[in-house]
Amino acid sequence: QVQLVESGGGLVQPGGSLRLSCTTSRNIFRFSVMGWYRQAPGKERELVATFTTGGSTNYADSVKGRFTISRDNAESTVYLQMNNLKPEDTAVYYCCAEFGVLKHDYWGQGTQVTVSS
């Protein structure tokens, strides 16, 4: 069973910052597009950012200029640095490994991010 371990969520005031991390096995990580998704209360899950094995990144328009996705290949970890957080960023954030070998997606359990004064 593939396991993705997420951490870094919490409660932060508007304008604050958080850094999320997601670690999985090297065998999965090295062949996967790694991505962050989020699901806010009452809304559908949406893509936040992705980072391919080749170094390409993609961001949702709502987070461009505020969030940065990065990969640490030695640690099989993907990060999401979130700056200037807004209340609308409140959601459960999910890490996803889009495994190219089997064309199958693996998901973490999610980590709660709450932005509130």
Side-chain angles (χ1 to χ4, degrees):
Q1 184 177 355
V2 175
Q3 184 174 355
L4 283 73
V5 180
E6 300 150 319
S7 63
L11 175 64
V12 65
Q13 295 185 353
S17 298
L18 287 172
R19 191 189 194 198
L20 308 182
S21 64
C22 172
T23 300
T24 188
S25 68
R26 188 177 72 90
N27 289 340
I28 296 297
F29 185 87
R30 64 179 177 169
F31 296 120
S32 295
V33 173
M34 300 300 297
W36 288 98
Y37 295 74
R38 67 186 182 187
Q39 187 166 21
K43 297 184 178 181
E44 300 296 320
R45 186 175 298 186
E46 64 176 347
L47 182 146
V48 177
T50 59
F51 200 144
T52 71
T53 55
S56 298
T57 59
N58 184 52
Y59 296 92
D61 289 340
S62 60
V63 307
K64 287 180 179 178
R66 299 189 298 121
F67 291 9
T68 302
I69 188 171
S70 60
R71 295 175 68 123
D72 185 336
N73 293 330
E75 299 295 329
S76 298
T77 299
V78 63
Y79 301 94
L80 184 68
Q81 179 66 47
M82 304 185 294
N83 297 325
N84 192 24
L85 284 161
K86 304 175 180 180
E88 65 192 56
D89 296 317
T90 295
V92 177
Y93 284 71
Y94 296 92
C95 179
C96 179
E98 301 171 8
F99 189 47
V101 176
L102 298 178
K103 297 186 182 300
H104 182 81
D105 296 342
Y106 298 95
W107 293 88
Q109 293 299 114
T111 183
Q112 177 70 49
V113 172
T114 302
V115 184
S116 177
S117 60

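Excluded from the calculations below are hydrogen atoms, water molecules and symmetry mates; all remaining heavy atoms, backbone and side chain alike, are included. Since the structure is predicted, the reported quantities are computational estimates derived from the model, not experimental observations.
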task: Hey, could you give me the CZ/CG distance between F99 and N27, rounded to the nearest 0.5 Å?
output: 7.5 Å
- request: Calculate, to the nearest 0.5 Å, the distance between atoms OG1 and OH belonging to T68 and Y79 respectively.
  value: 14.0 Å
query: Hey, quick one: are Y93 and Y59 part of the same hydrophobic cluster, counting side-chain heavy atoms closer than 4.5 Å, chains of contacts allowed?
result: yes
- prompt: Are F67 and L80 side-chain neighbours, meaning at least one heavy-atom pair lies under 4.5 Å?
  reply: yes
Heavy-atom pair of closest approach, residues C96 and D105: SG-CB, 4.0 Å
message: Does atom CD (Q109) have a neighbourhood of more than 12 heavy atoms from anything else shown, all under 6.0 Å?
response: no
query: Would you say V33 and I69 are hydrophobically clustered, going by side-chain heavy atoms of ILVMFWY under 4.5 Å?
result: no
- request: Would you please test T23 and S76 for side chain to side chain donor-acceptor pair (under 3.5 Å) and show each step?
  value: CA-CA 6 Å; T23 300; S76 298; over 6 Å; no
- prompt: So do the side chains of S116 and T90 get within less than 4.5 Å of each other, counting heavy atoms only?
  reply: no
query: Passes side chain to side chain contact (heavy atoms under 4.5 Å, CB included), F29 versus N73? Steps please.
result: CA-CA 8 Å; F29 185 87; N73 293 330; 3.2 Å; yes
query: Quick one: does H104's side chain get under 4.5 Å of V2's, heavy atoms only?
result: no
message: Distance check, rounded to the nearest 0.5 Å: M34 atom CE versus S70 atom OG?
response: 11.5 Å
query: What's the spacing between I28 CD1 and L102 CG if we round to 0.5 Å?
result: 7.5 Å
query: Which residues pass the side chain to side chain donor-acceptor pair (under 3.5 Å) test with E75, sequence neighbours left out?
result: none
field: Residue pairs fulfilling disulfide (SG to SG under 2.5 Å) with at least one residue in residues 30-74, sequence neighbours excluded
entry: none
Heavy-atom pair with the smallest gap, counting every atom of S21 and S7: OG-OG, 2.8 Å
message: I'd like to know if K86 and D89 make a salt bridge, using a cut-off of under 4.0 Å between side-chain N and carboxylate O.
response: no
query: In Å and rounded to the nearest 0.5 Å, what is the CZ to OG1 distance from R71 to T53?
result: 6.0 Å
Nearest-0.5 Å distance, CG of residue N58 to OG1 of residue T50: 4.5 Å
field: Main-chain N/O of Q3 paired to T24 side chain as donor or acceptor, under 3.5 Å
entry: yes
statement: Going by chain and number, the hydrophobic cluster around Y37 (ILVMFWY, side chain to side chain under 4.5 Å) further includes L47, V92, Y94, W107
- prompt: Are any of the side-chain heavy atoms of E46 and R38 separated by less than 4.5 Å?
  reply: yes
task: Can you see which heavy atom on S17 is nearest to which on N83, and at what distance?
output: OG-OD1, 2.9 Å
